Amino acid sequence: MLDLSFVAKNFDTVVARLEARGGKLDLSRFKALFAERKRLHVELEATQARKNKAQEVMKTDASKRAELGPEMKQLGQVIKDLEGQLKALEDQLGGLMMNTPNVPHESVPVGASEADNQVARTFGQKPTFTFTPRQHFEVGEKLGMLDFERAAKVSGSRFAFSLGALARLERALTAFMIDEHSKKGYLEVLPPYLVSRQSMTGTGQLPKFEDDAFKTAGDNELFLIPTAEVPVTNFHADEILEGALPKKYCAFSPCFRAEAGSAGKDTRGLIRMHQFHKVELVMFARPDQSMEALEQLTADAASILEKLGLHHRVVLLCTGDMGFASTKTYDLEVWLPGQGAYREISSCSCFSDFQARRAKIRFRPAPGEKPQLLHTLNGSGLAVGRTVVAILENFQREDGTVKLPDVLVPYMGGLTELKPLG
RNA sequence: GGACAGAUGGCCGAGUGGUCGAAGGCACCUGACUCGAAAUCAGGCAUACCGGUAACGGUAUCGUAGGUUCGAAUCCUACUCUGUCCGCCA
């Protein structure tokens with residue numbers, strides 16, 4: 001959520017920068033609502049002050065109580081009315097702001113769609129093949145290790161069974177990623193996979209994107225996490241962090257997404273699932289250091305791809321392609337030779353104080369100083385399922401086997417390649 | 001699922017319907033003492049908004065939402081959360 005008074009003071013600038021995101025956003029009511037809120041607020045306070053003065057008299061002079069009583073009661077009613085009006089206004093204003101995305105950072109290129117994103121850097125080169133590389137689902141099915149048909153029978157579309165060494169590969173990748181990040185000072189966290197409405201609101205998934213989430217039926221409403229970002233960022237909700245920043249966490253979790261609105265997209269394979277695994281990096285940083293933190297976090301995520309030997313590029317998203325809560329985002333896009341395309345495997349974002357304001361996460365700049373909102377960041381480090389995809393497509397051989405990256409061999413119990421299940 | 005207890009400032013914790021924005025302690029800040037530190041002593045120290053250059057003044061906030069009352073941290077109702085015990089359970 002944006003800061004109300006900041007928006008009020010810099011209205012034209014804020015609107016201009018939000019419009020760079022594209023889409024429709026109507027803030028025309030903002031100014032009128034804000035002014036009316038202020039007027040009501042002043043009036044309410046003046047009335048309350050009058051009542052408090054009279055109250056003071058009654059407190060010391062009991063004889064006036066009977067005399068002033070009825071008038072006080074009436075004043076009380078006026079105050080209640082004003083409070084009601086004020087609350088209605090604040091609800092409207094709040095609703096407006098809850099559905100308003102973050103302001104893009106000045107270093108973000110203005111653009112309408114992913115076509116306007118900028119490639120910041122590239123690692124490695126496209127591998128060459130002496131045969132036509134297959135898509136990952138063909139490789140997986142040929143190995144007998146990937147089963148979409150039975151998953152459809154059991155759960156429906158956008159689910160998969162992994163079997164044998166491929167299932168193990170997913171587990172190995174997870175352990176590898178967490179070990180690498182732990183070495184760099186990220187504290188491993190195993191978070192809850194179900195969270196409250198409040199937590200989903202804190203990180204910005206709600207109220208605007210409720211359709212994208214799975215939630216439990218029944219009285220105890222809980223949401224299946226779409227990413228570990230939600231529980232791990234909210235880990236520090238309503239807190240004042242006293243220690244050194246940035247604080248760094250990494251968390252493995254399954255992620256659940258309804259994928260409403262992506263019907264027809266990536267219908268084959270593991271790219272877009274209702275359930276997938278992800279190792280997430282989360283940082284809490286000082287506002288004056290959050291941009292450096294984003295560079296660091298992005299580099300830390302990319303280092304996994306480097307160690308796996310996967311060709312990829314780092315893309316700076318333009319204003320039109322960023323997520324709702326983000327002020328600046330880098331995507332890591334890995335090369336998939338089977339698809340002949342770069343695909344997102346990690347998204348690293350700085351949210352400035354947008355999430356911190358919603359979730360009330362603050363820090364104390366120095367002992368004795370006032371707490372202030374900090375900046376939150378996160379990024380995938382990496383999406384595990386898509387990493388499996390990348391390995392299958394990049395390291396496949398003509399005979400259908402797949403060479404495993406050297407760094408994973410210890411995690412695979414010495415296994416160096418995937419061979420068809422016998 | 002059943003029974004009971006609780007929710008107060010950064011933390012702990014006291015609190016009688018008006019004298020409570022709230023005792024006391026810890027932490028923190030400033031000063032004194034000291035070569036320096038510790039200890040000790042003195043003072044300061046909640047947040048947000050409004051007005052004011054400022055000093056300062058005003059308003060709200062004691063889990064959340066309501067209610068009673070001229071007046072609520074204090075009484076009533078509902079809700080949420082936490083703790084303890086019992087049951088069930090990986």
Side-chain angles (χ1 to χ4, degrees), chain A residues 1-11 30-31 33-98 190 192-202 206-207 215-223 230-231 234-245 247 254 284 286 353 356-374:
Chain A
M1 189 157 77
L2 302 176
D3 179 40
L4 271 185
S5 54
F6 179 82
V7 176
K9 275 183 204 138
N10 308 281
F11 189 75
F30 180 87
K31 272 187 155 170
L33 285 173
F34 193 80
E36 178 63 3
R37 184 189 76 138
K38 182 158 180 180
R39 190 192 68 72
L40 268 176
H41 192 237
V42 169
E43 188 183 342
L44 172 65
E45 288 201 351
T47 316
Q48 282 166 329
R50 250 203 305 154
K51 192 178 178 203
N52 287 344
K53 278 233 171 70
Q55 217 72 258
E56 202 59 33
V57 173
M58 296 172 85
K59 194 163 35 175
T60 47
D61 185 353
S63 67
K64 301 252 175 139
R65 284 183 195 170
E67 179 194 331
L68 288 172
E71 194 188 332
M72 289 300 97
K73 202 157 193 172
Q74 206 218 330
L75 260 187
Q77 192 53 52
V78 172
I79 288 171
K80 207 177 258 184
D81 287 350
L82 285 172
E83 281 174 344
Q85 291 175 49
L86 191 61
K87 185 168 186 312
L89 267 179
E90 291 195 325
D91 287 350
Q92 283 185 61
L93 218 40
L96 205 57
M97 292 323 283
M98 282 308 249
L190 188 62
Y193 303 150
L194 290 159
V195 296
S196 64
R197 173 169 287 274
Q198 192 182 359
S199 293
M200 289 286 277
T201 307
L206 296 183
K215 63 179 168 189
T216 57
D219 292 339
N220 187 15
E221 179 192 66
L222 288 169
F223 293 82
V230 179
N234 282 286
F235 181 70
H236 285 304
D238 282 311
E239 291 184 17
I240 297 169
L241 305 188
E242 302 279 357
L245 294 178
K247 263 184 179 300
F284 299 85
R286 294 176 60 103
D353 59 10
R357 182 170 293 106
R358 291 181 175 219
K360 294 198 192 70
I361 312 173
R362 294 176 295 170
F363 77 109
R364 203 178 293 282
E369 282 188 39
K370 284 186 181 181
Q372 56 177 269
L373 295 172
L374 48 68

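Here the structure is a predicted model, which is why all the values come from computation and not from measurement. First the proteins, then the strands, lettered A, B, ... as listed; each starts at 1.
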**Student:** Sort out the partner of U47(B) for me: Watson-Crick or G-U wobble, both distances under 3.5 Å, none otherwise.
**Tutor:** A60(B)
**Student:** So, does Lys80(A) get its side chain near the phosphate of G67(B), meaning an N or O under 4.0 Å from OP1 or OP2?
**Tutor:** yes
**Student:** Please determine, for C33(B), whether a Watson-Crick or G-U wobble partner exists with both distances under 3.5 Å, and give it or none.
**Tutor:** none
**Student:** What is the separation between atom CG on Leu241(A) and atom P on C11(B), rounded to the nearest whole Å?
**Tutor:** 13 Å
**Student:** How far does the P atom of G15(B) sit from the matching atom of A23(B), given to the nearest Å?
**Tutor:** 14 Å
**Student:** Taking atom P in both A38(B) and C28(B), what distance in whole Å separates the two?
**Tutor:** 10 Å
**Student:** On the nucleotide G51(B), are OP1 or OP2 found under 4.0 Å from the side-chain N or O atoms that Lys38(A) carries?
**Tutor:** yes
**Student:** Now, which nucleotide makes the Watson-Crick or G-U wobble pair with A39(B), with each of the two distances under 3.5 Å?
**Tutor:** none
**Student:** Measure from the side chain of Gln48(A), starting at C-beta and using heavy atoms only, and say which of G10(B), A60(B), C50(B) lies closest.
**Tutor:** A60(B)
**Student:** In this structure, how many angstroms lie between the C1' atom of C50(B) and the CG atom of Leu44(A), rounded?
**Tutor:** 11 Å
**Student:** Parallel, tilted or perpendicular: which fits the ring planes of Phe284(A) and His236(A), with parallel below 30° and perpendicular above 60°?
**Tutor:** perpendicular
**Student:** What nucleotide among G66(B), A60(B), U69(B) has an atom nearest to a side-chain atom of Asn52(A)?
**Tutor:** A60(B)
**Student:** Name the pairing partner of A72(B), where a pair is Watson-Crick or G-U wobble with both distances under 3.5 Å, or state none.
**Tutor:** none
**Student:** Between G18(B), G10(B), U47(B), which nucleotide has the shortest distance from any of its atoms to the side chain of Lys370(A)?
**Tutor:** U47(B)
**Student:** What integer distance in Å separates Asp238(A):CG from U80(B):C1'?
**Tutor:** 14 Å
**Student:** When the C1' atoms of C76(B) and G25(B) are compared, how many Å lie between them, rounded to an integer?
**Tutor:** 34 Å
**Student:** Within the structure shown, what part of the strands sits under 4.0 Å from Gln55(A) by heavy-atom distance: base, sugar-phosphate, or nothing?
**Tutor:** base
**Student:** Could you identify the nucleotide paired to A54(B), looking across every strand shown and requiring Watson-Crick or G-U wobble geometry with both distances under 3.5 Å?
**Tutor:** none
**Student:** With hydrogens left out and only the distance checked, is there a donor-acceptor pair under 3.5 Å joining Glu45(A)'s side chain and the base of G58(B)?
**Tutor:** yes
**Student:** Ion pair present between Lys53(A) and Glu56(A), side-chain N to carboxylate O less than 4.0 angstrom?
**Tutor:** no
**Student:** Asn234(A) versus Gln198(A): any side-chain heavy-atom pair under 4.5 Å?
**Tutor:** no
**Student:** In whole Å, what is the span from the CD1 atom of Ile240(A) to the C1' atom of G9(B)?
**Tutor:** 10 Å
**Student:** In whole angstrom, give me the gap between the P atoms of A22(B) and C62(B).
**Tutor:** 14 Å
**Student:** Quick check: on RNA chain B, is the nucleotide nearest Arg50(A) upstream (toward 5') of the one nearest His41(A), or the reverse? Name the residue that is more 5'.
**Tutor:** His41(A)
**Student:** When you check the gap from the basic side-chain N to the acidic O, do Glu83(A) and Lys87(A) get nearer than 4.0 Å?
**Tutor:** no
**Student:** Quick one: are Val230(A) and Phe223(A) in side-chain contact, heavy atoms under 4.5 Å?
**Tutor:** no
**Student:** Rounding to a whole Å, what distance do you find between Lys87(A):NZ and U64(B):P?
**Tutor:** 13 Å
**Student:** For nucleotides C26(B) and G43(B), find the distance between their P atoms and express it as a whole number of Å.
**Tutor:** 14 Å
**Student:** If you pin Ala46(A) and Arg364(A) to their nearest nucleotides in RNA chain B, which one's is more 5'?
**Tutor:** Arg364(A)
**Student:** I'd like to check Met72(A) versus Met58(A) (side-chain heavy atoms, cut-off strictly below 4.5 Å). Are they in contact?
**Tutor:** yes
**Student:** How would you label the contact of Lys360(A) with the nucleic acid (heavy atoms, under 4.0 Å): base, sugar-phosphate, or nothing?
**Tutor:** nothing
**Student:** Does G6(B) have a Watson-Crick or wobble partner in any strand here, with both distances under 3.5 angstrom, and which is it?
**Tutor:** C81(B)
**Student:** Could you check how far CG of Leu40(A) sits from C1' of C49(B), rounded to whole Å?
**Tutor:** 14 Å
**Student:** Within a strict 4.5 Å, meaning less than it, do heavy atoms of the Phe30(A) and Leu4(A) side chains meet?
**Tutor:** yes
**Student:** Could you state the atom-to-atom distance from CE of Met58(A) to P of A72(B) in whole Å?
**Tutor:** 12 Å
**Student:** Determine the interatomic distance between P on G21(B) and the same-named atom on U74(B); round to the nearest Å.
**Tutor:** 13 Å
**Student:** Counting Watson-Crick and G-U wobble pairs only, both distances under 3.5 Å, name the nucleotide matched with C20(B), or none.
**Tutor:** none
**Student:** What's the CG-P distance between Leu373(A) and A48(B), to the nearest Å?
**Tutor:** 10 Å
**Student:** Check every atom of C49(B), G58(B), C70(B) against the side chain of Ala49(A) and return the nucleotide holding the closest atom.
**Tutor:** G58(B)
**Student:** Sticking with atom P, work out how far G44(B) lies from U53(B), rounded to a whole angstrom.
**Tutor:** 28 Å
**Student:** Which value, in whole Å, describes the distance between the P atoms of nucleotides G58(B) and C41(B)?
**Tutor:** 35 Å
**Student:** When you measure from the side chain of Lys51(A), which nucleotide among C70(B), U59(B), G10(B) comes out closest?
**Tutor:** C70(B)
**Student:** Who is the Watson-Crick or G-U wobble partner of A90(B), with both distances under 3.5 Å?
**Tutor:** none
**Student:** Are side-chain heavy atoms of Arg37(A) and Leu86(A) found at a separation under 4.5 Å?
**Tutor:** yes
